[in-house]
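Here the structure comes first, spelled out in structure tokens, and everything after it is commentary.
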Amino acid sequence: MKLKILIAFLIFPFVMFSQKIKTENIIKTADSILTLEVGQNLFKYFTISEGAYYKYRTNNNYETTGKFLSKKVLHKNVTEIWVLYHFQCEQLQNAKSGLWLKFNEKLNLIEPLKIEFIPDFLKNNLPSNFLTNENAESIIQKSFKQKGNEISKPKLKFDEKKAKYIYYAINKITKSKNANGSDCGETEIIEIDALNGEVLSLEKGYYGLIIR
């Protein structure tokens, strides 16, 4: 009887440990799903982020979260796993985008992947059909309403609300000093469609303000 109890005592921790999810299995699963979704040619532009985390229940049934990429195994009682990938490539001027792969405790996806930020020309392995920086800059400078002291170079980004790539720039209209002695003033902020140059928004703003 003592021998049976000893064997059970030795096996029990092993069984409990084996039920924990290994980080390497999460990464392999996430990489495989993402590769199937976007293809090997596009997968090379994705890198897994330290922002990845998971949800689990503590012994008192309280749900909490934790990072896991630096761990070999996750805490038991996992409820969800969120794996974050950053997306960046030269064809998009290194504009940063990304997506989440969300899993349950069985490593099954609980939401479809959102890959709207990958433009069609990349999906089809074609040259970019976006405006060049020079063309975008020309449209932006002509579209500002006021003469400014400094106009920033146009930057490309994916706007999730508009579900499209845009160029945006800032026109500093006025210039003075704030309480800290730093420059501050009014601005115009413009956004144009990266495909056709249509002005999507032109709004007033401020820079260098001190909020107390």
Side-chain angles (χ1 to χ4, degrees), residues 23-54 68-69 80-104 106-145 148 151-171 187-205:
T23 299
E24 63 177 334
N25 290 340
I26 297 171
I27 296 173
K28 286 179 181 177
T29 301
D31 283 353
S32 297
I33 291 174
L34 185 54
T35 303
L36 286 172
E37 182 74 21
V38 304
Q40 191 66 50
N41 287 336
L42 293 180
F43 177 74
K44 63 186 177 185
Y45 299 123
F46 287 89
T47 53
I48 197 165
S49 167
E50 289 294 331
Y53 70 98
Y54 72 111
F68 64 87
L69 292 181
E80 290 184 12
I81 303 167
W82 291 34
V83 185
L84 176 61
Y85 284 86
H86 289 312
F87 176 83
Q88 196 171 0
C89 68
E90 293 181 0
Q91 293 94 318
L92 294 173
Q93 302 172 30
N94 291 320
K96 293 181 179 180
S97 299
L99 56 73
W100 290 94
L101 274 74
K102 301 178 184 179
F103 298 98
N104 61 17
K106 297 180 180 179
L107 290 185
N108 294 323
L109 282 178
I110 57 178
E111 285 186 10
L113 273 61
K114 298 178 180 179
I115 59 171
E116 295 84 358
F117 59 88
I118 304 178
D120 290 338
F121 75 83
L122 270 183
K123 293 177 182 176
N124 298 318
N125 197 26
L126 296 172
S128 172
N129 58 348
F130 286 175
L131 294 172
T132 64
N133 277 75
E134 292 76 16
N135 289 338
E137 186 172 12
S138 176
I139 294 171
I140 285 170
Q141 289 184 350
K142 293 175 183 177
S143 300
F144 279 127
K145 300 297 183 184
I151 298 176
S152 68
K153 292 291 183 181
K155 291 185 178 181
L156 185 68
K157 73 173 184 179
F158 182 74
D159 189 303
E160 292 185 0
K161 291 183 178 180
K162 296 181 177 69
K164 63 175 61 181
Y165 274 90
I166 64 169
Y167 279 105
Y168 70 97
I170 298 173
N171 177 24
T187 65
E188 285 182 310
I189 304 169
I190 193 170
E191 296 180 348
I192 67 171
D193 192 308
L195 281 172
N196 55 34
E198 176 189 356
V199 177
L200 301 173
S201 68
L202 178 58
E203 300 176 349
K204 285 190 175 183

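Nothing here was measured: the structure is a model prediction, and the numbers come from that model.
- One finds the CD1 atom of Ile48 at 8.5 Å from the CD1 atom of Ile26 (value rounded to the nearest 0.5 Å).
- More than 12 heavy atoms of other residues, nucleotides or ligands sit less than 6.0 Å from atom NZ of Lys162.
- For the pair Lys102 and Ile81, the minimum side-chain heavy-atom distance is 4.5 Å or more.
- A donor-acceptor pair is defined here as one N or O able to donate and one able to accept, closer than 3.5 Å; no such pair exists between the side chain of Ser138 and the backbone of Glu134.
- By the 4.5 Å heavy-atom criterion applied to side chains, Ile27 and Leu69 are counted as neighbours.
- Between Phe68 atom CZ and Trp82 atom CH2 the span is 12.5 Å, to the nearest 0.5 Å.
- Smallest separation of non-hydrogen atoms from Val83 and Ala30: CG1-CB, 4.2 Å.
- Under the 3.5 Å distance criterion, the side-chain polar atoms of Asn135 are left unmatched by any main-chain donor or acceptor of Leu131.
- Ser152 contributes atom OG, which lies 5.0 Å from atom CD1 of Ile170 (distance to the nearest 0.5 angstrom).
- Other residues, nucleotides and ligands place no more than 12 heavy atoms under 6.0 Å from the CD atom of Glu160.
- When all heavy atoms are compared, the tightest approach of Ser143 to Val199 is OG-CG2, 3.6 Å.
- A distance of 13.0 Å separates CG of Leu113 from CH2 of Trp100, quoted to the nearest 0.5 Å.
- By the 4.5 Å heavy-atom criterion applied to side chains, Tyr85 and Leu34 are counted as neighbours.
- Side-chain contact of Ser128 with Gln91: a donor-acceptor pair under 3.5 Å is absent, judged by distance alone.
- A donor-acceptor pair shorter than 3.5 Å cannot be found between the side chains of Asn104 and Glu80.
- Side chains of Leu92 and Pro119 form a contact here, defined as non-hydrogen atoms less than 4.5 Å apart.
- The closest donor-acceptor contact from the side chain of Asp159 to the backbone of Ala163 lies at 3.5 Å or more, if one exists at all.
- Nearest heavy-atom pair across Ala52 and Leu84 is CB-N, 3.8 Å.
- Once rounded to the nearest 0.5 Å, the distance linking CD of Glu37 with CD1 of Ile115 reads 4.5 Å.
- A salt bridge links Asp193 with Lys164: the distance from a Lys NZ or Arg NE/NH1/NH2 to an Asp or Glu carboxylate oxygen falls below 4.0 Å.
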Check your understanding: Could you go step by step and tell me if Leu109 and Phe103 meet the side-chain contact (heavy atoms from CB on, under 4.5 Å) rule?
Key -> CA-CA 4 Å; Leu109 282 178; Phe103 298 98; 3.7 Å; yes
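- Under the ring-ring contact (aromatic ring centres under 6.0 Å, His included) rule, Phe158 has a single partner from Tyr168, Phe130, Tyr167, Tyr165, which is Tyr165.
- Two residues are said to be in side-chain contact when any heavy atoms from C-beta on lie closer than 4.5 Å; Ile166 and Leu200 meet this criterion.
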Check your understanding: Does the side-chain contact (heavy atoms from CB on, under 4.5 Å) test come out yes or no for Asn171 and Thr187, once each step is laid out?
Key -> CA-CA 5 Å; Asn171 177 24; Thr187 65; 6.0 Å; no
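- Glu188 places no side-chain N or O within 3.5 Å of a backbone atom of Lys204 that could act as its donor or acceptor partner.
- Residues Ser97 and Phe117 come closest through the heavy atom pair CB-CD1, 3.7 Å.
- Contact record, Ala194 with Leu156: CB-CD1, 3.7 Å, taken as the closest heavy-atom pair.
- Taking CD of Glu116 as the start and CG of Leu99 as the end, the distance is 9.5 Å to the nearest 0.5 Å.
- In the displayed structure, Lys96 atom NZ is contacted under 6.0 Å by at most 12 heavy atoms of other residues, nucleotides or ligands.
- Between Leu42 and Phe87, the shortest heavy-atom contact is O-CE1, 4.4 Å.
- Using modelled atom types, one finds a donor on one side chain and an acceptor on the other under 3.5 Å when comparing His86 with Ser49.
- Looking at heavy atoms from C-beta onward, Ser201 lies out of side-chain contact with Ile190 at the 4.5 angstrom threshold.
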